[in-house]
Amino acid sequence: SAAGDLAIGQQVQAAGNLLLSAGGAASDLTLNAAVTNSGGNSSLVAGRDLLQNAGMNATAAGKSVELRAGRDIVMAQAAASSANNGNILLAAAGSVTISSLNAGSANVGIAAATGSIVDGDAAGDTAVDIVAGGLQLRAGNAIGSGANAIETNVVIATAQAGAGGVYLAETNALTLAGVTVQVNRVGATGTAVATTDAARNGVSAQGGNVVLVSNGASLVVNGAVASN
């Protein structure tokens, strides 16, 4: 859609590069039915909000999934996005609410420029929100909360937040080190172009708390940890 809302009400099955776009600053992209891509990279783009109420699955090895919104990305509690060892990137100008992201051995990146990264599950839950080899989190306010941390199963991670702080709970051993998340962005012609992303390192919260819980054997720090 060049301008206007786009609602997906029937299953979408693709076998190559896929772009679903709701153009225009006041336009929402709503996924009410599952989207599966068996052969290419996927980009889902909303001028305003991206509302994911069903699955987004990339089954071809190494293909990336990108979700971008001009305001917020909201995953319903039952929604999931997955890739077959391909990177997953969620980027919003506002906030990002997540449910389940699984990149296999590849990386996941989430950016909430002016808002927060929120666990959409009920407070106090233990369900894993993110499975990946590496994890890069950036938020203008908070990453998780004291009552509802972001649950992860990753190998390495980096996180930068604002006054709302950083709250992560890792299932296994965790190393804090640099992570880069690059995806293949699909354009209007169907061509995918690799994004550029500088490596992020360390964990910090500008004016907030930093709470990291590793339920595995170790927590290895190879970058700065700061609560300013």
| A139: what forms a side chain to side chain contact (heavy atoms under 4.5 Å, CB included) with it, not counting sequence neighbours? | A112, I117, I143
| request: Report yes if the side chains of L174 and V154 come closer than 4.5 Å at any heavy-atom pair, otherwise no. | output: yes
| message | Check whether N41 reaches the backbone of K63 with its side chain - one donor and one acceptor, N or O, closer than 3.5 Å. | response | no
| Test item: I150 and I98 side chains (from C-beta on) under 4.5 Å apart, heavy atoms | yes
| Is there a donor-acceptor contact under 3.5 Å from the side chain of S64 to the main chain of N184? | yes
| request: Please name all residues satisfying side chain to side chain contact (heavy atoms under 4.5 Å, CB included) with R48, sequence neighbours left out, ordered by chain then number. | output: A26, D28, R71
| Would you say V166 and L137 make side-chain contact, with heavy atoms under 4.5 Å? | no
| field | Test log, rule side-chain contact (heavy atoms from CB on, under 4.5 Å), inputs L18 and V35 | value | CA-CA 10 Å; L18 173 68; V35 176; 3.6 Å; yes
| Sub-3.5 Å donor-acceptor pair from the side chain of T171 to the main-chain atoms of T152, do we have one? | yes
| message | Check whether D49 reaches the backbone of L51 with its side chain - one donor and one acceptor, N or O, closer than 3.5 Å. | response | no
| Below 4.5 Å, heavy atoms only, C-beta onward: do L101 and M75 meet side chain to side chain? | yes
| request: Determine, step by step, whether T30 and N53 satisfy the side-chain contact (heavy atoms from CB on, under 4.5 Å) criterion, reporting the C-alpha distance in whole Å, the side-chain angles of both residues, the deciding distance to 0.1 Å, and the verdict. | output: CA-CA 7 Å; T30 304; N53 302 317; 3.7 Å; yes
Ignoring hydrogens and angles, write down the donor-acceptor pairs under 3.5 Å from the side chains of residues 176-183, residues two or more places apart or on other chains.
{"unit_1": "Q182", "atom_1": "NE2", "unit_2": "T195", "atom_2": "O", "d": "2.6"}

| said: Quick check against the 3.5 Å criterion: does E170 have a side-chain atom that pairs as donor or acceptor with the backbone of L212? | reply: no
| said: When you compare the side chains of N209 and Y167, does any donor N or O come within less than 3.5 Å of an acceptor on the partner? | reply: yes
| said: Connecting only ILVMFWY residues whose side-chain heavy atoms lie within less than 4.5 Å of each other, what is the rest of L19's hydrophobic cluster? | reply: V45, V186
| request: Assess whether side-chain contact (heavy atoms from CB on, under 4.5 Å) is satisfied between T36 and T59, documenting all intermediate values. | output: CA-CA 7 Å; T36 302; T59 59; 4.2 Å; yes
| task | Hey, could you give me the CZ/CG distance between R68 and L90, rounded to the nearest 0.5 Å? | result | 11.5 Å
| message | So if I apply the side chain to side chain donor-acceptor pair (under 3.5 Å) rule between Q136 and each of T158, N201, D197, which one comes out positive? | response | D197
| request: Mind jotting down which residue pairs meet the side chain to side chain donor-acceptor pair (under 3.5 Å) criterion with at least one end in residues 95-115? Sequence neighbours excluded, please. | output: N85-S105
| message | Applying salt bridge (Lys or Arg N to Asp or Glu O under 4.0 Å), can you list everything that pairs with R138, at least two apart in sequence or on another chain? | response | none
